[in-house]
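The structure under discussion appears below in the form of structure tokens.
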Amino acid sequence: MKRLLTAALALALAGWAAPAPAAESTLAKIARTGTLTIGTRRGSPPFGYVNQKNEWVGFSIDLVEQAIKPAVERKLGKPVKVEKKESTPATRIPLLTSNAVDLIAGTMTDTRPRRESVDFSLTFFVTGAQFLVKKGSPIRGIGDIAGKRVAAQQGSTNARIIRARVPGAQLREFPDQPSAFQALAQGQVDAYTNDGIQLAGLVAKAPRPGDWAIVGDFYSYEPYGMALRKNDSDFRHLVNVGLMEAIESGKYLQLYEKWFGPKGEVPYPLTPENKRFLTMQVVPK
Amino acid sequence: MSYEFRWSVLWSGQSGAWLLQGLLTTLAISALAWVLAAALGILSGALRTVPWRPLRAAAAFYVEFFRNVPLLVWMFFWYFGVPPLLPAAFRGWLFDHGAEFWAGMFALGVYHGARMSEVIRSGIQSIPRTQFEAAYAMGLTTAQVYRLVIVPIALRLIVPPATNESLNLLKNSSVALTISVAELTFQTRQIETYTAKAIEALTAGTVIYLALCLLIAGVMGRVERRFAIPGLIVRGGA
Amino acid sequence: METRLADGQPPGTSGPRGTVIEFKAVNKWFGCLHVLCDIGLAVQAGEVVVVCGPSGSGKSTLIRCVNGLEPIQSGELHVLGECISRAGADMPLLRSRVGMVFQSFNLFPHMTVLENIMLGPIKVKKASRGEAESAARGLLERVQIPDKASAYPANLSGGQQQRVAIARALAMQPGIMLFDEPTSALDPEMINEVLDVMTDLARDGMTMMVVTHEMGFAKRVADRVVFMDGGQVIEEAPPGAFFAAAQSDRAREFLSKILTH
């Protein structure tokens, strides 16, 4: 019995962990299937979400479609189609390592521990964690949350930072944005913390945006990158080239304006500092 | 491009403590929910067979209503839907004292109670009609007939399907992570967040669930042998 | 309840007196099937009445009405001085006064023999455990299986199970005993051990209604034989008269089948 179990477990793990026979490169896989499969979000406006017309759209998705896809097509010399799959903080790394998706293009913060499991592209967006509260709440920032009930997203870096910096806060971790927001709206929690841009997106979509306030300075640095399988530098290079070209050509700014400009889904002006940072990531031709 | 295993993430840092906490939470929520489910299941399962229609209808309503809506929805119902019905002062207190845990416990217990009910009902219905008659013929009241004769026999008959339901309950306790209950699956995800080692964390969770389930199955197997009815019930009478 | 039922005395002493069971124009239907038609029948204290008839004649239904396992739809039924056909009759109390033995024994399989016998006295009559146990052991002596007290029903032969079932019914000190084909599920070699116990019981003066095909038992023990067919009582007579010269064709036909068989 015991031996049987061990064997079954080993088999399961082998099928799960070891990627397809002798490591086909991502580019070869895309060339073979004609498909670039990305993991993105359905409920994280404006990076990846399903809009009112029931289309799956967003800034991260546009970057893949309009910056990365052309670079891949040029390299392979043939058209490629982009297929989208839902990926949550908890599933995105397994999705990637199991070859179910080739690229995570959502709202994933580039961190050192994550780089031990996956590789990251250039940073394509910079934000930091803040708090969403009901208008008039006494919470004004990370200094006020001790003893308070604070919602965060499971598997996010924010929860981790709160736990380390304010151990007295009562952290409640929800798997997705809508339930965390619901908990805030109903009073199960006093504040909801997430990256400022995500909170802005949430408020923009809320029935009464005026009821909510985003408070506090960034208490974390959240550079968003696209995640790829480790040790596939050809593909990573291609993704980076796509992003650099978009930044260089103004395509990036145009998309930024579309989503974050004054008339965009979530107004979130690009600070001069962040603009400079993005430009400086572009290495010479 | 292959995945690099680093199993040490499971015992270095806080992982061990998290897994233990998760395990304890899973056991606590499952045990309490199991008691609730067993009580509701026995009560409603028995009521579905009594000779009085309004009670049967009430029990049938409970079963059909609760088992035919996904558990996830019930989690949200007990966590988001019920608190607004409570007095404000109690609600505030509850939010500071494990509202998530209690909502999850009720969701799990009431949902599985409805499923357990069907198991118990089928157990009761497999008891020959004449067994009821013999108990009634002695002068027992309906409540006594059920409490002293029918339910004790039914419970002995349904150990295998009840074991199955109990294992489902244990595994379904992981759904409580959607309302922020820090149970075992939640903690394995936490380890993944901190270490970015998803497969190691998932494996740890899998192995613990598997061990728990095998343990429960083993215990229930012993219970079944211990309380087995000597010989077999003659189904359908002679 | 206005009328107290007569206290059940142990069989053998003077039981309730006078008419203890009386059917007055009783009718019963299963759906549109008329299973009891206009039954009029009285049983006196201490009497042993054997009810016989072809299958489907309504004989089992008849005795199941006596302890209310089957409700009746019209007419009146008096048992031990109580009209049990009226709404609100205290059925548990009535049933504690009327013992019943079933064709399929129906012992409770999760209890030992002793627990089976003690259940009623403890739970219904609120007897103490000690009283109930000594009474139960006495009854097991009486049905001649004192050594099976701690056995489970499944470990007994059919004949032994049926004797335990009789002991279980007697433990309630009933005023009336009903037997619904008590030997029909038994292997032939076990029939007599059960009939012997029933015969002893009759000799001790117990009022009994017995549905059975055991005509030998009827001849030896019954005070009266009631023959039923098609839901009607066709004929009632002392066994001697009934077996020697049944009045109706149907009874004669029935007897010819059952006695040559």
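The line from CD1 of B:Ile153 to CE of C:Met111 is 7.5 Å long, rounded to the nearest 0.5 Å. Rounding to the nearest 0.5 Å gives a distance of 9.5 Å between CD1 of C:Ile117 and CE of B:Met138. Taking CG of B:Leu140 as the reference point, atom CE of C:Met91 lies at 13.5 Å (rounded to 0.5 Å).
In this structure, no portion of C:Asp180 lies under 4.5 Å from any heavy atom of chain B. With a threshold of 4.5 angstrom between heavy atoms, C:Val101 does not approach chain B through any atom at all. With a 4.5 Å cut-off on non-hydrogen atoms, C:Phe108 touches chain B through its backbone and its side chain both. Contacts between C:Leu107 and chain B at a heavy-atom distance below 4.5 Å involve the backbone alone (N, CA, C, O).
Listed by first and then second residue, the side-chain hydrogen bond (donor to acceptor under 3.5 Å, both in side chains) pairs involving residues 126-136 of chain C are C:Glu133-C:Arg137 (not counting sequence neighbours).
Minimum interatomic distance between B:Gln131 and C:Asn106 (heavy atoms only, all atoms of both residues): OE1-O, 3.8 Å. Residue B:Thr130 comes nearest to C:Ser104 through the heavy atom pair OG1-OG, 3.9 Å, listed as atom of the first residue, atom of the second, then distance.
Enclosure of atom CZ in B:Phe106 is not indicated, since only 12 or fewer non-hydrogen atoms of other residues, nucleotides or ligands lie within 6.0 angstrom. Environment of NZ in C:Lys123: sparse, with no more than 12 heavy atoms of neighbouring residues, nucleotides or ligands closer than 6.0 Å. Heavy-atom neighbours of B:Trp78 CH2 from other residues, nucleotides or ligands within 6.0 Å: above the threshold of 12.
Counting heavy-atom pairs closer than 4.5 Å to chain C, the top-ranked of the candidates B:Pro152, B:Ala228, B:Gly139 is B:Gly139. Most heavy-atom pairs under 4.5 Å with chain C: of the set B:Thr142, B:Leu148, B:Thr141, this distinction falls to B:Leu148. When C:Leu178, C:Asn155, C:Val98, C:Leu69 are compared by the number of non-hydrogen pairs under 4.5 Å with chain B, C:Leu69 comes out ahead.
Looking only at distances, no side-chain donor or acceptor of C:Asn67 sits under 3.5 Å from a matching main-chain atom of B:Ala137.
Side-chain contact between C:Met100 and B:Glu133 is absent, with no heavy atoms from C-beta onward closer than 4.5 Å.
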